[in-house]
Structure formats: structure tokens, C-alpha cells
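Notes follow once the structure below has been shown.
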Amino acid sequence: MTNTSWTRQHVLSLADFTVAEYDTVLQTAASFKEVLSRRTKKVPTLQGQVVTNLFFEPSTRTRSSFEIAAKRLSADTLNFTASSSSLTKGETILDTAKTYLALGTDLMVIRHREAGVPQAIATEMDRLGVKVGVLNAGDGQHEHPSQALLDLFTICTLLDRDRPRLELLSGKKIAIVGDILHSRVARSNIWSLTASGAEVHLAASPTLLPHLFADYIKNEIHKNPILNRQLFLHWQIEPALEKADFVMTLRLQKERMTQHLLPSLREYHQLFGIKRDRLQLCQPHVKILHPGPVNRGVEISSDLMDDPNFSLIQEQVTSGVAVRMALLYLMGSGKA
Ligand code: ASP
């Protein structure tokens, strides 16, 4: 496995990812997917390196996925949980990060409920002149790059199992539906999917896709020469679903809602829920993604979520391990 084109020390956002970087991640992840299908699902690539999961906010999938990915690469892993840490005694986040640096950390995977914390830690590591790679595992409403990369990998491997690559999405229609305003997953996916040349359609109520926010996103897209700019916004679900090849539905981020933005969960499901009759608007081969955790019967009907003919949700979790192995490998192997 070669990674000659990889120069990125930190992965904090996908806003400036290049096509070559996407393809490197996708192809590296495909190799690791093959490793994961073997009887012995482990390679010695990061032997002797320490991967630390610094999760200041709860997580099931992302945290376990990074942990198993690091273990499959033979790295040593450290796990930090905010509630049982010295943060409760007044230690600052940067001091916590520096403590893990002193313990020998080579790669830090960081989740925080505030946007910008992984960037702040990366800046501090750079200032200290240490070669520690920082990976953003979700910061507030800002970004969740590894989730968008695993979504991309899940879709691209469906289109070409052996050679997943960005160009496969060119001309495909992808709908992102739901709580776009509060979703870091949506934001990272907007960068990767618009970079691929797919037609990206966002759909939500005006409370979850406010016009000001929509203008901001459009503006960002138009400023960025890497992106293909095929972004469409809708305040009803139907035009987004019409002839869609893929539908991503997002969790209602109730923990981030400071106002009453929904009439009721029942009405939300009626207006924006993904359910069987709505799928008739999409392509017959349509597939549904959800980053999880899912509010069953709210973003998506329970029966559809469990239907393997449509749902890629379990596949996304499995893909996540290969993609996170790829990221840890690419960021860590430079020092190996
Ligand atoms: N697991 C994803 C995240 O951490 C999506 C979600 O929580 O809804 O952003």
C-alpha cells in the first residue's frame, strides 16, 4: 500500500480536500476492507504508535469505530472520557491534550460539542512543534469528516466494489434530508458530494434550513473552486426525492436545538420522514443512508430502516472501520 500523495498532518474539515485526497482515502479504505474480510483481521502498520480517543461528547459508533480501527492497525489505544477525567477538577482541554501528548500519543481523535476544538488542539500541537496528527471526530455543528468519508466510501463501493473513486458519483442525484442546520454530518457531506460532481439536494423545513444559512452554504460553495457547485435547496421533501439515487436522512439534533423548531415529532415524520410510499418518487434502485443514532419512526420509518433492500445503515457502520483505518494509516504512516 502506498501513500506517496498524502501530505496532510491533520484532518479537521473536508472543505479543502482535493479529488486526489478523496481517492487516496477511498482506495486505501478498499484495501483495508479486504484485510477486514480475512480470518486474521490485523496488520502491523501502526505498531508502536499510540492513538488516543479524546471524546468530550458522547458517542457510540464513532468512538468504537476509531478504537477498533486503531487496534486492527496494531496501534496502542488510549480512551478518554470527559465525565471521569480531570476536566471535572478544572483542567483545561489543551492541558488534557498535552497530558496525552506526554503519554506518547501519535494521533489524537477528538470529539467536542463546540466547533473548533480539534482545530485549537491541532494549532497547539503545531506550535509545540510535535508531529501529532489530529483528527476531527465531530465538533459541534461544524464538521464530521470521517463520517462523510465513510458515507462516500459506502456509496462508491456500491457502484464499484474494487475501485471506489470520486468520479463514480458524477451525475448521481443525492438528497440530504432533515436537520441540516444542526448537522456537522451534512456540512462535511456537502463538501465531499459537491466535489464529486453529484447533484446534491438539501431538503428541510425553513426552521431546519433557514434562508440565511442556505445563502451562506451557497456562497461557500461558489467561493470554492474545488467544488462542482451542483447544490439545490428545497423546503419540501418531494423535489429532493424525485429520481434520487441516494437519500441521506439526518437525526434531529435535539440536544442542539435552543428553540422550539418543530411542531411535533409526528408531524415532522409526516412532512420529512423517509417512508415507503415516498420512495416511489426516487429511482427504483435508491438506497438510504443515516449516520446514526437513529430516532426510529421519526427520520425514517422503522420497517424501512431494517430493510436491507434499501437501507445502507449497517453497511455504513462496517465501512466506517475501513475508512478510519485508512485515515489513521495515512496520517500515521508518515512517521512510521
Ligand atoms: N453520529 C453523528 C454525529 O456525531 C450524527 C448524529 O449524532 O446525529 O454527528
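Hydrogens, waters and symmetry mates play no part in the numbers below; they use all other heavy atoms, side chains included. Start at 1 and go down the list; that is how both ligands and their atoms are numbered.
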* Whether Ser59 lies under 4.0 Å from ligand 1, heavy atom ->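 Ser59: no contact with ligand 1 (<4.0 Å).
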
* Look at ligand 1 and say whether Arg61 reaches it with a heavy atom at a distance under 4.0 Å. =>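 Flag not set, Arg61 not near ligand 1.
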
* To do: Identify, for atom 1 (N) of ligand 1, the protein heavy atom at the shortest distance, and state residue, atom and that distance.
  =>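 Result: Gly292 O, 2.9 Å.
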
* Please write down residue, atom name and distance for the protein heavy atom closest to atom 4 (O) of ligand 1. =>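 Atom 4 (O) of ligand 1 sits closest to the protein heavy atom Arg184 NH2, 2.8 Å.
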
* Arg324 charged N/C atom sitting above Phe66 aromatic ring, 6.0 Å / 45° ->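 So Arg324 does make the cation-pi contact.
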
* How close do Gln141 and Leu181 get, heavy atom to heavy atom, and via which atoms? ->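 In this case the closest contact between Gln141 and Leu181 is NE2-O, 3.2 Å.
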
* Asked: Do any nitrogen or oxygen atoms of Gln147 lie less than 3.5 angstrom from nitrogen or oxygen atoms of ligand 1?
  ->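 No, no N or O pair falls under 3.5 Å.
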
* Contact atoms of ligand 1, heavy-atom distance to Val185 under 4.0 Å ->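 Those atoms are 2 (C), 5 (C), 9 (O).
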
* To do: Just go through Arg251, Glu299, Glu143 and tell me whose heavy atom is the nearest to atom 6 (C) of ligand 1.
  =>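 The residue whose heavy atom sits nearest atom 6 (C) of ligand 1 is Arg251.
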
* Ion pair present between Asp306 and Arg296, side-chain N to carboxylate O less than 4.0 angstrom? ->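 Yes.
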
* Test: Glu315 and Arg161 ion pair at under 4.0 Å ->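 Salt bridge between Glu315 and Arg161, a charged N being under 4.0 Å from a carboxylate O: no.
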
* Would Glu67 and Lys71 count as a salt bridge (Lys or Arg N to Asp or Glu O under 4.0 Å) if you check the C-alpha gap in whole Å, the side-chain angles of each, and the deciding distance to 0.1 Å? -> CA-CA 6 Å; Glu67 184 171 355; Lys71 287 184 167 149; 2.7 Å; yes

* Please check if any side-chain donor atom of Gln270 sits under 3.5 Å from a side-chain acceptor atom of Lys275, or the reverse. =>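 Short answer, yes.
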
* Any chance the side chains of Thr123 and Gln119 put a donor and an acceptor closer than 3.5 Å? ->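 On atom types as modelled, these side chains qualify, holding a pair under 3.5 Å.
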
* Tell me which part of Thr62 gets within contact of ligand 1: side chain, backbone, both or neither, using heavy atoms under 4.0 Å. =>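 Thr62 to ligand 1: no contact under 4.0 Å from either part.
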
* Per-residue contact class, Gln253 against ligand 1 - non-hydrogen pairs under 4.0 Å ->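 Under 4.0 Å from ligand 1, Gln253 contributes side-chain atoms alone.
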
